[in-house]
Engineer: 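Below is one structure. I have some questions about it.
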Amino acid sequence: MGQAGETPGRPDEAGLGARLVALGGLELGEFDAVPSGPAGASAPAGAPVVRTGEARKRAWRRTRLISAGVAVAVLGFFGTAAYLFVNVGGRSPSAAPPPRKSYPAVSAPVAVGPQPVNQGVRTEDDLHLVCSNWYHPSAPRFRGDSPHPILISEDGGAEVDYRTTRTLNQAAFAGSSAQRRAWAPEPRHAQLVACLDLTGPGRPIRDCTSGSTALPLVEGKYRLTVYEVSSHRKVVDRTLTGADRTCPFVILSSAGDTLFSAVKDRQLYDLLRERVEG
């Protein structure tokens with residue numbers, strides 16, 4: 001029991017201080033103690049100090065100030081780090097110019113067409129070049145009275161890369177001298193070149209045997225194109241099927257895996273006579 005004149009202490013004073021500490025307040029001794037008794041009375045030694053409402057406000061303000069300071073420091077740290085990351089390595093990506101789109105190189109079109117040979121015709125090989133997109137400006141023109149001398153250049157086939165001269169013997173050597181000059185001319189006198197080229201197979205005909213070799217014979221499809229030697233001007237362009245359906249006496253190794261029916265002399269003569277003798 002307390003003595004007379006003493007002010008009895010409230011039983012929850014110590015518990016209130018402990019709860020404030022548990023709620024994150026600062027240490028109790030950091031603030032001036034305000035006695036809970038009559039004004040001016042000193043608290044007994046060792047008694048817990050209870051904060052007044054003003055003390056709690058000051059503690060709350062100080063806590064906010066400390067929290068704000070920590071937040072400012074954290075923001076400053078991350079801002080500095082971001083600045084160094086962007087600027088130490090060079091310009092920021094947003095400041096860099098956009099990459100230029102690359103476009104494929106477009107080459108100027110190259111003119112493709114017959115090319116002149118800057119020398120006169122000397123041999124049959126010079127005339128075979130006409131079938132390979134060449135011409136001889138110095139050759140005789142295809143004009144004037146007949147005959148108009150012609151050379152027939154035949155493709156050697158898929159297995160070879162050369163051309164051969166084909167002569168229509170009956171037209172060249174069984175008639176007049178004028179026909180001979182027209183169908184078997186000296187190369188330098190030729191006005192025309194007829195290019196005979198195999199273009200593909202047609203219907204099967206039969207199998208041909210020569211010794212131990214047996215090959216199928218099919219229709220040969222051909223293209224006949226006649227050019228003026230001096231200009232490469234096209235005079236005739238026809239397609240035809242080889243009418244010679246007989247098997248050859250000897251099967252050459254250059255024949256490949258298939259035999260094609262050949263174009264007969266009469267076929268060529270009928271197609272070319274108007275241009276040569278007309």
Side-chain angles (χ1 to χ4, degrees), residues 104-173 175-200 220-242 252 254 256 260 262-278:
V106 179
S107 58
V110 179
V112 178
Q115 300 298 310
V117 179
N118 296 321
Q119 66 180 25
V121 176
R122 295 170 297 181
T123 67
E124 292 181 354
D125 289 338
D126 294 330
L127 293 175
H128 291 311
L129 291 175
V130 175
C131 298
S132 300
N133 222 24
W134 296 90
Y135 64 95
H136 299 270
S138 61
R141 301 283 183 177
F142 172 56
R143 64 187 178 188
D145 296 333
S146 60
H148 301 287
I150 190 170
L151 177 131
I152 302 173
S153 175
E154 189 169 18
D155 182 12
E159 301 297 324
V160 296
D161 58 356
Y162 58 84
R163 305 185 71 89
T164 59
T165 299
R166 179 163 177 178
T167 302
L168 306 185
N169 293 326
Q170 186 173 1
F173 302 113
S176 65
S177 58
Q179 285 183 302
R180 184 164 54 252
R181 290 194 301 270
W183 295 98
E186 292 184 19
R188 61 189 178 91
H189 292 154
Q191 297 178 12
L192 301 172
V193 170
C195 305
L196 181 64
D197 295 279
L198 177 68
T199 58
K221 299 295 183 179
Y222 297 86
R223 180 179 183 183
L224 180 69
T225 313
V226 180
Y227 298 100
E228 182 182 31
V229 178
S230 62
S231 66
H232 209 266
R233 179 171 61 93
K234 189 181 296 183
V235 178
V236 174
D237 190 0
R238 295 286 298 274
T239 59
L240 62 158
T241 301
L252 302 177
S254 60
F260 299 91
V263 176
K264 289 184 175 182
D265 285 359
R266 188 68 193 187
Q267 289 181 274
L268 294 176
Y269 180 78
D270 290 342
L271 290 172
L272 299 174
R273 179 180 56 183
E274 181 181 354
R275 297 295 188 277
V276 176
E277 298 179 355

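Just so it is clear, the values below take in all heavy atoms, side chains as well, and ignore hydrogens, waters and symmetry mates.
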Engineer: Looking at every non-hydrogen atom in both residues, tell me the closest pair between Pro116 and Pro137 and how far apart they are.
Structural biologist: CB-CG, 3.9 Å
Engineer: Considering the options Leu271, Leu224, Val226, which one meets the side-chain contact (heavy atoms from CB on, under 4.5 Å) requirement together with Leu196?
Structural biologist: Leu224
Engineer: Checking His148 now: which residues fulfil side chain to side chain donor-acceptor pair (under 3.5 Å) with it, not counting sequence neighbours?
Structural biologist: Gln191
Engineer: How close do Ser138 and Gly120 get, counting heavy atoms only, and between which atoms?
Structural biologist: OG-CA, 3.3 Å
Engineer: With rounding to the nearest 0.5 angstrom, report the OG1 to OH distance, Thr239 to Tyr222.
Structural biologist: 13.0 Å
Engineer: Enter the distance from Leu198:CG to Glu154:CD here, rounded to the nearest 0.5 Å.
Structural biologist: 9.5 Å
Engineer: Scan for salt bridge (Lys or Arg N to Asp or Glu O under 4.0 Å) pairs involving residues 175-197, sequence neighbours excluded, and state none if there are none.
Structural biologist: Arg163-Asp197, Glu186-Arg188
Engineer: Heavy-atom distance under 4.5 Å between the side chains of Gln267 and Leu240, does that happen here?
Structural biologist: yes
Engineer: Which atoms form the tightest heavy-atom contact between Glu228 and Leu192, and what is the distance?
Structural biologist: CA-CD2, 4.1 Å
Engineer: Answer yes or no: does atom CD of Glu274 have more than 12 heavy-atom neighbours from other residues, nucleotides or ligands under 6.0 Å?
Structural biologist: no
Engineer: Please lay out, stage by stage, how Leu272 and Ile152 fare under the test side chain to side chain contact (heavy atoms under 4.5 Å, CB included).
Structural biologist: CA-CA 10 Å; Leu272 299 174; Ile152 302 173; 4.0 Å; yes
Engineer: With no hydrogens and no angle check, is any side-chain donor or acceptor of Thr225 less than 3.5 Å from a backbone partner on Cys195?
Structural biologist: no
Engineer: Does the Asn133 side chain pair with the main chain of Gln115, one donor and one acceptor, at a distance under 3.5 Å?
Structural biologist: no
Engineer: For Glu277, enumerate each residue passing the side chain to side chain donor-acceptor pair (under 3.5 Å) test, keeping only those at least two apart in sequence or located in another chain.
Structural biologist: Gln179, Trp183, Tyr269
Engineer: Atom CZ of Phe173 and atom OG1 of Thr167: how far apart are they, to the nearest 0.5 Å?
Structural biologist: 6.0 Å
Engineer: Any idea which heavy atoms bring Ala190 and Pro140 closest together, and the distance?
Structural biologist: O-CD, 3.7 Å
Engineer: How many angstroms lie between atom OH of Tyr162 and atom CG of Asp125, to the nearest 0.5 angstrom?
Structural biologist: 12.5 Å
Engineer: Considering only residues two or more places apart or on different chains, which pairs with a residue in residues 136-151 satisfy salt bridge (Lys or Arg N to Asp or Glu O under 4.0 Å)?
Structural biologist: none
Engineer: Mind listing the closest non-hydrogen atom pair of Val276 and Ala182 along with its distance?
Structural biologist: CG1-CB, 3.7 Å
Engineer: With a 4.5 Å cut-off on side-chain heavy atoms, are Pro187 and Leu151 touching?
Structural biologist: no
Engineer: Applying side chain to side chain donor-acceptor pair (under 3.5 Å), name anything that partners Asp265, two or more places apart in sequence or on another chain.
Structural biologist: Arg166
Engineer: If you apply the rule side chain to side chain contact (heavy atoms under 4.5 Å, CB included), what do you find for Ser153 with Leu127, and how did you get there?
Structural biologist: CA-CA 8 Å; Ser153 175; Leu127 293 175; over 6 Å; no
Engineer: Distance check, rounded to the nearest 0.5 Å: Thr164 atom OG1 versus His128 atom NE2?
Structural biologist: 6.5 Å
Engineer: Roughly how far, to the nearest 0.5 Å, is OH of Tyr135 from CZ of Arg233?
Structural biologist: 13.5 Å
Engineer: Answer yes or no: is there a donor N or O on one side and an acceptor on the other, between the side chain of His136 and the main chain of Asp126, under 3.5 Å?
Structural biologist: yes
Engineer: So, using side chain to side chain donor-acceptor pair (under 3.5 Å) as the criterion, who are the partners of Arg266 when residues are at least two apart?
Structural biologist: Asp270
Engineer: How far apart are the closest heavy atoms of Ala178 and Pro147, and which atoms are they?
Structural biologist: O-CG, 4.0 Å
